[in-house]
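In what follows, a single structure is set out as structure tokens and then discussed.
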Amino acid sequence: MEREEILSAIYHCVKCKLCSISSFHPNEEWLPLCPSGQFYGYQAFYAPGRLEIFREILEGELSEPSDGLLKAAYACTLCGACYEKCKQITSVEIRLPELFEELRRELVKKGWILDAHKNIVEKIKETRNAYGEKVEYRAKSVYGADVLYFIGCTARYRVPEIADAMLQIFDKLGIKYQVMDEEWCCGSVLLRTGQIEAAKELMEHNIEAIKRSGANIVVFTCPGCLNTIEKNYPDMGVELVHSTQFLTRLGNMEVKKLDMKVAYHDPCHLGRDLGIYDAPRAVLKGVVDITEMKREREQAWCCGSGGGVKSAFDDFALWSAGERIKEAREAGVEVLVSACPFCKRNLREAGEKEGMKVYDVVELVNKGLEG
Ligand code: SF4
Ligand code: SF4
């Protein structure tokens, strides 16, 4: 975004702060929507405060990187709840998560980077994955298959049960697939934390590898990878779909209904960024009974781990996830289901103590296919 465009967007914000509350229960207490503001409790951590910080930097009023400033800039999950809410109230599109990414790019240009985020760059340089893991995740692959499964760092190294479930679904349904031996991090975490230069090499590599695969359709279980490749990569002439979209296209699968009542958690990148709300629900309905939580779809409460928050502010990330666990409990369920490895990892960590089980949609479909 150009400087003038950024400043124009900043000046369009009237600082009403209505983007911090969800309002679809008019007769009940309004629930918070901005995890960052709610956790830290200062204006600087809500969307309008963060915009004001950006204005002050652009107009030369803030020239020193205090710890507080860095925290306010980086302790935001870029969940986009503020953007959706602001748009609903004002009918003006102040593209808040994009502005906050621009803010981070500006900080990175000045060298104002968090050590935790610098470390990710080092790990990626060394291992090509965001966790610095040296052991390869290997899966069988059919050379030249039409379907390519892009696994992503988190499903490879932190929640491999999601990748395993997706691969088993392909096998059970007789779908030939390939995975990339040389799959590198998609670059999402670098782009979201303002470190664009470091992401370029990864993107170039993945573009070449995807083109070379000859696949026509790329399936993602990670909405962060899908969102990045769809929005930040050039068009590669292949179709990019989330696992739940892929599964809905298969029509009625012969799945056994599981005796489970679950709540579905909308991942931010899948819902607010890509507009995919119905496909995961449609797939889940074939396997389990779903209960909605109070904050869902455009006004879903974020799990707390995106935007580089999990690596730099784990206490905040776990608190946000804990709030979601409480909401699921209030909805009367003991199983929370998402469609994102990042969400699963964080919600599971927060849910373990509370006795809440956490799954990905593909894990439940895979269980349903067992019968
Ligand atoms: S971003 Fe929108 S909703 Fe939030 S304070 Fe500014 S104008 Fe109000
Ligand atoms: S993107 Fe999410 S965490 Fe960041 S200011 Fe908006 S609502 Fe708050």
Side-chain angles (χ1 to χ4, degrees), residues 1 5-24 30-56 68-104 107 114 188-189 191-194 223-224 227 265-274 295-324 340 342-343 346:
M1 289 165 89
E5 194 187 348
I6 295 171
L7 282 171
S8 163
I10 292 173
Y11 279 107
H12 268 89
C13 168
V14 295
K15 312 278 184 281
C16 64
K17 229 178 112 187
L18 287 172
C19 50
S20 63
I21 43 174
S22 77
S23 62
F24 52 100
W30 284 3
L31 296 167
L33 204 50
C34 170
S36 165
Q38 194 68 19
F39 180 71
Y40 290 101
Y42 291 95
Q43 300 299 344
F45 291 82
Y46 288 98
R50 210 164 262 124
L51 287 180
E52 184 59 12
I53 288 174
F54 199 3
R55 186 199 63 74
E56 290 182 16
L69 183 144
L70 293 187
K71 201 169 206 178
Y74 289 108
C76 157
T77 59
L78 303 177
C79 69
C82 50
Y83 161 74
E84 288 291 346
K85 187 61 195 295
C86 176
K87 189 170 64 170
Q88 188 194 77
I89 307 161
T90 64
S91 305
V92 173
E93 289 222 18
I94 303 178
R95 286 147 47 204
L96 295 158
E98 282 173 62
L99 288 162
F100 301 148
E101 282 182 26
E102 290 288 352
L103 164 62
R104 292 170 181 191
L107 299 188
L114 297 177
S188 173
V189 64
L191 295 167
R192 310 286 86 82
T193 54
N227 185 50
H265 165 78
D266 288 283
C268 301
H269 284 311
L270 193 66
R272 284 184 280 255
D273 286 342
L274 294 163
R295 292 169 294 185
E296 40 106 24
R297 294 183 181 250
E298 285 86 354
Q299 297 195 63
W301 177 257
C302 169
C303 83
S305 61
V309 163
K310 183 75 184 161
S311 52
F313 308 102
D314 198 32
D315 54 342
F316 164 38
L318 287 172
W319 171 84
S320 297
E323 292 299 294
R324 199 54 162 162
C340 167
F342 239 60
C343 293
N346 202 40

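Just so you know, ligand 1 is whichever comes first in the structure, and atom 1 is the first atom listed for that ligand. Worth saying up front: this structure is predicted, and the values here are computed from it rather than measured.
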query: With a 4.0 Å cut-off on heavy atoms, does Cys302 reach ligand 2?
result: no

message: Just to verify, what does Ala300 make a side chain to side chain contact (heavy atoms under 4.5 Å, CB included) with, not counting sequence neighbours?
response: Asp266, Arg272, Arg324

field: Sidechain-backbone polar pair: Arg295 side chain, Pro32 backbone, donor-acceptor under 3.5 Å
entry: yes

- prompt: Which of these passes side-chain contact (heavy atoms from CB on, under 4.5 Å) with Cys79: Ser305, Ser36, Cys302?
  reply: Cys302

- prompt: Which pairs, with at least one residue in residues 68-94 and sequence neighbours excluded, count as a ring-ring contact (aromatic ring centres under 6.0 Å, His included)?
  reply: Tyr74-His117

- line: Sequence neighbours excluded, the answer for salt bridge (charged side-chain N to carboxylate O under 4.0 Å, His left out) partners of Arg192 is Glu101

message: So does Gly304 get a backbone contact from the side chain of Thr77, meaning a donor-acceptor N/O pair under 3.5 Å?
response: no

- line: Note: ligand 2 atoms sitting under 4.0 Å from heavy atoms of Leu78 are 1 (S)

statement: Numbered in order shown, the ligand 2 atoms found under 4.0 Å of a heavy atom of Ser36 are 3 (S)

- request: For Lys85 and Ser20, indicate whether the former's side chain and the latter's backbone hold a donor-acceptor pair under 3.5 Å.
  value: no

Every residue of the protein that comes under 4.0 Å of ligand 1, judged on heavy atoms: Cys13, Val14, Lys15, Cys16, Lys17, Cys19, Pro48, Cys86, Leu96

